[in-house]
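To start, the structure under review is shown below, and the notes come after it.
Below, chain A is the first sequence line, B the second, and so on; all start at residue 1.
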Number of protein chains: 2
Amino acid sequence: MARISGSNGARTAAAIRSSARGLIYRHGYAAMNLRELATEVGISPGSLYNHITTKQGLLFDLIAEHMAALLAETDAALAAAGPDPMARLRAFIAHHLLYHFERRQEVFIANFELRSLEPPNHARVVAMRRSYEGRLIALLDAGVATGELDIPDTHVAAYAILAMLTGVCTWYRPDGRLSKEELVALHTRLVLDGVRRHRGEAAARAAPPARPAAKAQGKRARAKTPLSPRRRGG
Amino acid sequence: MARISGSNGARTAAAIRSSARGLIYRHGYAAMNLRELATEVGISPGSLYNHITTKQGLLFDLIAEHMAALLAETDAALAAAGPDPMARLRAFIAHHLLYHFERRQEVFIANFELRSLEPPNHARVVAMRRSYEGRLIALLDAGVATGELDIPDTHVAAYAILAMLTGVCTWYRPDGRLSKEELVALHTRLVLDGVRRHRGEAAARAAPPARPAAKAQGKRARAKTPLSPRRRGG
DNA sequence: CCCGGAAACTAACGTATGTTCGTTTTCAAG
DNA sequence: CTTGAAAACGAACATACGTTAGTTTCCGGG
């Protein structure tokens, strides 16, 4: 009994990827074993190799496809948002969240199984990730240029924003208390209020915890100056 | 040649934990193997079992100790900050970042090897984590109560803030461009501007893209209701 | 109808891994 | 000096895993 009746290469390949996503998401790449994957797909372990090169190749394919899709869809969303920097920033935030809600597993895998990729594969994925971060950094820079945003360091801000937005996936559940739209609204506000230029009360809001004294002196002088450029001793 | 001259139980145990932290941090729990650990410590694989119960027990010990320390030190930092809600919030942010800078490996392990814990161990760590989140939620609630903070949903805000702050550890490097203090200042500002009450321009900034309807009904009544229970599996 | 490839099967290989076991050596207490 | 626990050793066990090999069956094109 081999070559089961009605078997279909494309369908099996899709089932493998789908099951692999779930297994890696739940157990991690290293802890996932191909026998369990084969069982879930409904074929024998050896048959997997009609559709994958190696376990490592399977992981890379899953991650690379996800990253490519994320980049493409993000660009589409930004294009649809038009030229206004703030509109584009809102579009980025909303798209990031909605895409991540939709594909929690892929996102999680791409973020936390990066280290499981062998060097050449690793480098390729990192490059795609950099590219994605670069899009947000560019948006923030654009907002700073128009004066609508007030961000001392757009790189740091971009990483912080991405961490915050991506973090939602770790606890979001479709049947949870809050809808996707509510979460988008909440996080849009959190992000924008964090980077927007506020009238009047500009300075001293990042004052060190202990001393409420340094209240009125700095005004907004340092807002545009780059952060201390060089490293410290050790 | 066994029981090497000058050997010392406590020192070996510490070396095991230290090496295990590094190995799990770099390779992940499942991918770490005890032979490599033993080699790094400088003993034979079997000798590990003079100091650990099982591989799983070692992971649990590492995580549980970290969580206990985090809770204890956080409480100390909050106590030192006095009673003012905003001062306490600043203290929480600063302490969270500094602690996480100091112990990046433990933090990473505690966050991303949770799933590698067997159910009973998993439950105990989750409880500690809940407790930590609870401290921030309480701080936000206190700020809302005094009117200094303006937060539609303190649970969501707390998770978002923790994700943002913890995310810094994924890219912070001691010899990087920004010092710890600068990062604390930047993130304190990002967080506080995200949750602070802004004068005048209060409303409509979180308007949902699609349906602005469900806006005025809940107000902040539901800020206290618990989220739908988190489940592990998919 | 026939035939070659696609896609499945069974079986096994080689290795790696967590863990156990019995032994041996050091050190400190009596 | 004796003794017993602590802490190391080397060896092995049992299993699990990724992967390969050879074989068998179904299906579509000639």
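Note: CD1 (B:I16) to C1' (D:dA7) measures 11 Å, nearest angstrom. Counting to the nearest Å, the P atom of D:dG18 and the CD1 atom of A:I52 are 9 Å from each other. Rounded to whole angstrom, the span from the CD atom of B:Q56 across to the P atom of C:dT17 amounts to 18 Å. For the pair B:L58 CG and C:dT19 P, the computed distance is 10 Å after rounding to whole Å. If you take OH of A:Y49 and C1' of C:dA11, they are 16 Å apart, rounded to a whole angstrom. Atom CD of A:E36 is separated from atom P of D:dC17 by 8 Å (rounded to the nearest Å). Rounded to an integer number of Å, the gap from B:L59 CG to C:dG18 P is 13 Å. Spacing between atom CZ of B:R11 and atom P of C:dT26 amounts to 16 Å, rounded to whole angstrom units.
Distances shown here put every side-chain N or O of A:N33 at or beyond 4.0 Å from the OP1 or OP2 atom of D:dA16. Contact between the side-chain N/O atoms of A:S44 and the OP1/OP2 oxygens of C:dT10 is not found at any separation under 4.0 Å. Put simply, A:T12 has no side-chain N or O that comes within less than 4.0 Å of OP1 or OP2 on C:dA7. Taking only side-chain nitrogens and oxygens, B:S47 comes nearer than 4.0 Å to OP1 or OP2 of D:dC9. For A:H51, no side-chain nitrogen or oxygen approaches OP1 or OP2 of C:dA6 to under 4.0 Å.
Distances were taken from every side-chain heavy atom of B:K55 (C-beta onward) to each of D:dC9, C:dT19, C:dC9; the shortest belongs to C:dT19. Of the listed nucleotides (D:dC17, C:dG18, D:dC9), D:dC17 has the atom at the smallest distance from the side chain of A:R35.
Defined by atom type and a distance below 3.5 Å, a donor-acceptor pair is missing between the side-chain atoms of B:T74 and B:H96. Counting only N and O atoms by type, the side chains of A:R135 and A:S131 include a donor and acceptor under 3.5 Å apart.
Within the 4.5 Å cutoff, side-chain heavy atoms of B:L139 are placed close to those of B:L78.
Ring geometry, A:Y25 versus A:F108: the interplanar angle exceeds 60°, so the pair is classed perpendicular (tilted spans 30 to 60°).
A donor and an acceptor atom sit less than 3.5 Å apart, one in the side chain of B:N50 and one in the base of D:dA8.
Taking for each of A:G46 and A:A10 the nucleotide of DNA chain C with the nearest heavy atom, the 5'-most of the two is the partner of A:A10. Taking the nucleotide of DNA chain D with the nearest heavy atom to each of A:T53 and A:A31, the more 5' of the two is matched to A:A31.
A distance-only check finds a donor-acceptor pair linking the side chain of B:E182 to the backbone of B:S179 [under 3.5 Å].
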